[in-house]
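Structure first, commentary second.
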Amino acid sequence: MKEVIIATKNAGKVKEFQTLFAEKEVEVKSLLDFENAPDVEETGETFAENAILKAETIANYLNKVVIADDSGLVVDALNGKPGVYSARYAGEHKNDKENIAKVLEELKGVPFEKRTARFHCALAVAIPRQRTVVVEGTCEGYIAEAPTGTNGFGYDPIFYVPEKQKTMAELSKEEKNKISHRANALKKLEKIWDELVETKE
Ligand SMILES: O=c1[nH]c(=O)c2ncn([C@@H]3O[C@H](COP(=O)(O)OP(=O)(O)OP(=O)(O)O)[C@@H](O)[C@H]3O)c2[nH]1
Ligand SMILES: [Mg+2]
């Protein structure tokens with residue numbers, strides 16, 4: 001079975017990539033399998049910059065082709081925040097519940113139609129010491145008044161998807177994986193994957 005390495009320590013992302021790659025019979029490995037891999041400081045100003053930093057550092061360390069995901073929530077009424085700070089919005093200890101509480105507090109009094117937001121995902125594929133390619137995907141929605149649902153991770157309980165009339169955390173993993181920012185980025189990656197990895201040798 002082929003394998004792909006995702007340069008992430010986020011268990012929620014790992015699960016989604018496992019589902020996304022399952023039908024292609026590709027085994028997903030992550031930094032949870034490579035405990036000594038270096039920590040990468042996310043110093044970029046954009047999702048793409050951070051994804052490149054993570055992918056190139058880990059690809060050079062493992063000397064293998066690596067995919068990194070940098071993603072987050074962009075809220076229009078908060079001028080794009082939490083953005084690249086999504087994971088650590090309420091502090092470096094990265095707590096989903098506290099992050100959600102902070103966003104809801106900042107949006108207090110903002111009416112539904114002004115609570116527009118999107119999830120953004122940048123995927124960088126690094127071929128060690130050769131080249132790196134980035135693709136991006138988004139998913140549009142609204143920030144709900146209160147959390148609902150228990151599936152998914154991160155901000156999913158407050159991300160309302162209008163076409164489904166449900167929050168992302170109320171969708172099954174199959175439903176989320178059809179419409180998510182991550183799935184949309186991965187669809188773009190699929191289109192260039194064969195050509196990209198062929199250049200490796
Ligand atoms: O509700 C959500 N559904 C999603 O589908 C989703 N994707 C990303 N996010 C949020 O954005 C941060 C990523 O930050 P991030 O890309 O730096 O990842 P991370 O620090 O968690 O792990 P790593 O991949 O860097 O190791 C995450 O922690 C979440 O808060 C999501 N929230
Ligand atoms: Mg991170």
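All values reported here derive from a predicted model rather than from experimental measurement. All ligand and atom numbering here is 1-based and tracks the order in the structure.
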Can [X] and [Y] be counted as an ion pair, charged N to O under 4.0 angstrom?
| X | Y | result |
| --- | --- | --- |
| Lys54 | Glu42 | yes |
| Glu16 | Lys176 | yes |
| Lys188 | Glu136 | no |

Please determine whether any non-hydrogen atom of Leu73 lies less than 4.0 Å from an atom of ligand 1.
no
Residue-ligand contact Asn99/ligand 1, heavy atom below 4.0 Å
no
Side chain to side chain donor-acceptor pair (under 3.5 Å), paired with Asn184, selected from Lys187, Arg182, His181:
Lys187
Which count of protein N, O or S atoms is obtained for distances strictly below 2.8 Å from the Mg ion (ligand 2)?
1
Using heavy atoms and a threshold below 4.0 Å, how should the contact between Phe159 and ligand 1 be classified: side chain, backbone, both, or neither?
neither
Record the part of Lys94 in heavy-atom contact with ligand 1 below 4.0 Å; permitted values are side chain, backbone, both and neither.
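Answer for Lys94: side chain.
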Linking I/L/V/M/F/W/Y whenever any side-chain heavy atoms sit under 4.5 Å apart, do Leu186 and Val28 land together?
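Same cluster.
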Are a donor atom and an acceptor atom from the side chains of Ser71 and Asp69 found within less than 3.5 Å of each other?
yes
Taking atom types as modelled and ignoring hydrogens, do the side chains of Glu170 and Tyr160 form a donor-acceptor contact shorter than 3.5 angstrom?
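Distance-only check fails for Glu170 and Tyr160.
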I'd like the name of whichever of Ser71, Ala122, Ser86 reaches closest to atom 14 (O) of ligand 1 through any heavy atom.
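Looking at heavy atoms only, Ser71 sits closest to atom 14 (O) of ligand 1.
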Among protein heavy atoms, which lies nearest atom 25 (O) of ligand 1, and at what distance?
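Looking at atom 25 (O) of ligand 1, the protein heavy atom closest to it is Lys54 NZ, 2.7 Å.
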Students should be able to answer this: which protein heavy-atom is nearest to atom 23 (P) of ligand 1, and at what distance?
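Nearest protein contact, heavy atoms only, for atom 23 (P) of ligand 1 is Thr8 OG1, 3.4 Å.
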Examine Glu16 against ligand 1 and note whether any of their N/O atoms are separated by less than 3.5 Å.
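By distance alone, the answer is no.
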Determine, stepwise, if the pair Lys108 / Glu105 fulfils salt bridge (charged side-chain N to carboxylate O under 4.0 Å, His left out).
CA-CA 5 Å; Lys108 247 189 189 157; Glu105 179 63 30; 3.4 Å; yes
